Q: 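The structure's right below; bear with me while I get my questions together.
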Amino acid sequence: MFGDIDPSWHDVTLEDLALHRSGAVDNLPASRPDLWEGLWVRDGADDRSTRAWFAEELLGQPAERPGGDFAYSNAGYILLGAALERTADRSWEDLMTTHLFEPLEMASCGFGPPRGRSPWGHTPGALGGWVAMDPRQSGSDNPSAFGPAGTVHCSLVDWGAFVALHLRGANGSSIVLDSAAFERMHLAVGIGTEAYGHGWVVETNSPAWVDGTLLFHGGSNTMWFAYMFLSPSQGRAWLAVTNAGLEAAAWDAIVTLATR
């Protein structure tokens, strides 16, 4: 798919990327500062071309670890986006809009930091405290080509529509994919802290407030932190978000909601 790549990538599949078992770097700024800087230099340009450049640069060097070992990798998801674009000949943003946002009527969805009357994200200040980040300024979110690893914003209502899709899918009903696709996405590969599905952490040793398997994920761009927890057997979900990169605050909100 990407032409002349390092032999260490030859046996890596798209599914390996989705499961974070591809050998891609687990800390992009630290492990490949050249690629991280390249994303920023190209920020706001043609994101599809930037992701193609990113894929060729990353795959031109040996994989960081043997394929098959779990390591959470944003770089791997950028590669997935580049692969989708090369296959469909459309941008990842266009594919997301057509195949996810529009069918679920998620009209508030966009890419990059939310604008208008939405709360601003906050970053740690040099002298302590938190500094509000104007969404119009550079650095108020990840580089735009980072999108497949997390630059989507949406309202809480529309976020709920996405979570409800997965709850319904886990129970055999969906308007976007068939039940077999959801079963595959929610099936863990690995055990313990490495039990990961396609975009979901899968926890069978769940907290007391969850009956059965727990699907969850958290994410941050260092200026926001979001958590979503799903209990398919209960048909319930808990969502929390903060407009600062505070994992503890989002976690406390989830526990408060769940145990109220």
Side-chain angles (χ1 to χ4, degrees), residues 13-22 70 72-74 76-77 80-81 83-84 92 95-109 147-220 224-241 247 250-260:
T13 67
L14 297 178
E15 189 160 38
D16 292 332
L17 294 170
L19 295 169
H20 294 297
R21 295 177 179 276
S22 67
F70 176 83
Y72 192 93
S73 174
N74 288 318
Y77 268 68
L80 274 176
L84 283 169
W92 172 81
L95 292 168
M96 286 285 288
T97 301
T98 301
H99 294 287
L100 184 65
F101 301 156
E102 290 178 353
L104 294 183
E105 299 181 354
M106 298 171 67
S108 71
C109 287
T151 64
V152 172
H153 68 255
C154 65
S155 69
L156 291 173
V157 171
D158 284 350
W159 190 22
F162 173 76
V163 171
L165 170 75
H166 278 272
L167 279 178
R168 290 194 301 267
N171 288 293
S173 174
S174 174
I175 63 170
V176 175
L177 297 170
D178 60 27
S179 58
F182 282 96
E183 183 178 358
R184 186 176 183 183
M185 280 192 287
H186 298 161
L187 179 65
V189 174
I191 59 175
T193 58
E194 296 186 356
Y196 198 86
H198 294 67
W200 291 98
V201 181
V202 184
E203 179 64 73
T204 54
N205 185 22
S206 302
W209 40 271
V210 175
D211 179 17
T213 298
L214 175 70
L215 303 174
F216 72 95
H217 216 292
S220 176
W224 306 81
F225 201 102
Y227 256 134
M228 51 185 172
F229 285 65
L230 282 69
S231 172
S233 64
Q234 294 173 279
R236 300 187 67 189
W238 301 268
L239 293 80
V241 61
E247 180 175 9
W251 173 263
D252 288 347
I254 287 287
V255 174
T256 300
L257 286 170
T259 57
R260 177 176 296 170

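Everything quoted here is computed from the prediction, not taken from an experiment.
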Q: Residues two or more places apart in sequence or in another chain: which of them pass side-chain hydrogen bond (donor to acceptor under 3.5 Å, both in side chains) with T213?
A: none

Q: Roughly how far, to the nearest 0.5 Å, is the CG atom of L95 from the CZ atom of F101?
A: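 Going from the CZ atom of F101 to the CG atom of L95 covers 11.0 Å.
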
Q: Ignoring hydrogens, what is the shortest heavy-atom contact between V202 and G197? Give both atom names and the distance.
A: CG2-N, 3.9 Å

Q: Which heavy atom in T98 sits nearest to a heavy atom in P103, and how many Å separate them?
A: O-CD, 3.3 Å

Q: Using salt bridge (Lys or Arg N to Asp or Glu O under 4.0 Å) as the criterion, list what pairs up with R184, not counting sequence neighbours.
A: E15

Q: Working to the nearest 0.5 angstrom, can you tell me the gap between L230 CG and W200 CH2?
A: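 Output value for this atom pair is 4.5 Å.
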
Q: Could you give the distance from CG (L239) to CG (L257), rounded to the nearest 0.5 Å?
A: 8.5 Å

Q: Could you pull out all residues at least two apart from T13 that satisfy side-chain hydrogen bond (donor to acceptor under 3.5 Å, both in side chains)?
A: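 D16.
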
Q: How many angstroms lie between atom NE2 of H198 and atom NE2 of H20, to the nearest 0.5 angstrom?
A: 10.5 Å

Q: Can you see which heavy atom on G190 is nearest to which on R21, and at what distance?
A: CA-NH2, 3.6 Å

Q: Could I get the full list of side-chain hydrogen bond (donor to acceptor under 3.5 Å, both in side chains) partners for H217, not counting sequence neighbours?
A: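 Residues passing side-chain hydrogen bond (donor to acceptor under 3.5 Å, both in side chains) with H217: Y196.
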
Q: What closest approach, in Å, do F162 and L104 show between heavy atoms, and which atom pair accounts for it?
A: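 Heavy atoms only, the tightest pair is CA-CD1, 4.1 Å.
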
Q: Checking A253 now: which residues fulfil side-chain contact (heavy atoms from CB on, under 4.5 Å) with it, not counting sequence neighbours?
A: A240

Q: For L177, give me all partners under side-chain contact (heavy atoms from CB on, under 4.5 Å), at least two apart in sequence or on another chain.
A: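 Counting only residues at least two positions away or on another chain, L177 forms a side-chain contact (heavy atoms from CB on, under 4.5 Å) with A181, F182, M185.
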
Q: Is it the case that over 12 heavy atoms from other parts of the model lie below 6.0 angstrom from the CD1 atom of I191?
A: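 For I191, atom CD1 is not crowded (no more than 12 foreign heavy atoms under 6.0 Å).
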
Q: If you compare all heavy atoms of A237 against all heavy atoms of V163, which two are closest, and at what distance to 0.1 Å?
A: CB-CG1, 3.4 Å

Q: Taking side-chain hydrogen bond (donor to acceptor under 3.5 Å, both in side chains) as the definition, give me every residue that meets it alongside E183, ordered by chain and number, with sequence neighbours left out.
A: none

Q: Sequence neighbours left out, what passes side-chain contact (heavy atoms from CB on, under 4.5 Å) with C154? Give chain and number order.
A: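 S108, C109, D158, W159.
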
Q: What distance separates L167 CG from L215 CG, expressed to the nearest 0.5 Å?
A: 8.5 Å

Q: Going from CZ on F229 to CD1 on I254, what distance comes out if it is rounded to the nearest 0.5 angstrom?
A: 5.5 Å

Q: Filter on salt bridge (charged side-chain N to carboxylate O under 4.0 Å, His left out), then keep only pairs touching residues 190-219, sequence neighbours left out; what's left?
A: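 Output for this query is empty, none listed.
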
Q: Tell me, do V210 and Q234 make a side-chain contact under 4.5 Å, heavy atoms counted?
A: yes

Q: Can you name the closest pair of heavy atoms from Y227 and G218 and give their distance?
A: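 What the structure gives for the nearest pair is CD2-CA, 3.5 Å.
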
Q: Could I get the full list of side-chain contact (heavy atoms from CB on, under 4.5 Å) partners for V255, not counting sequence neighbours?
A: W251, T259

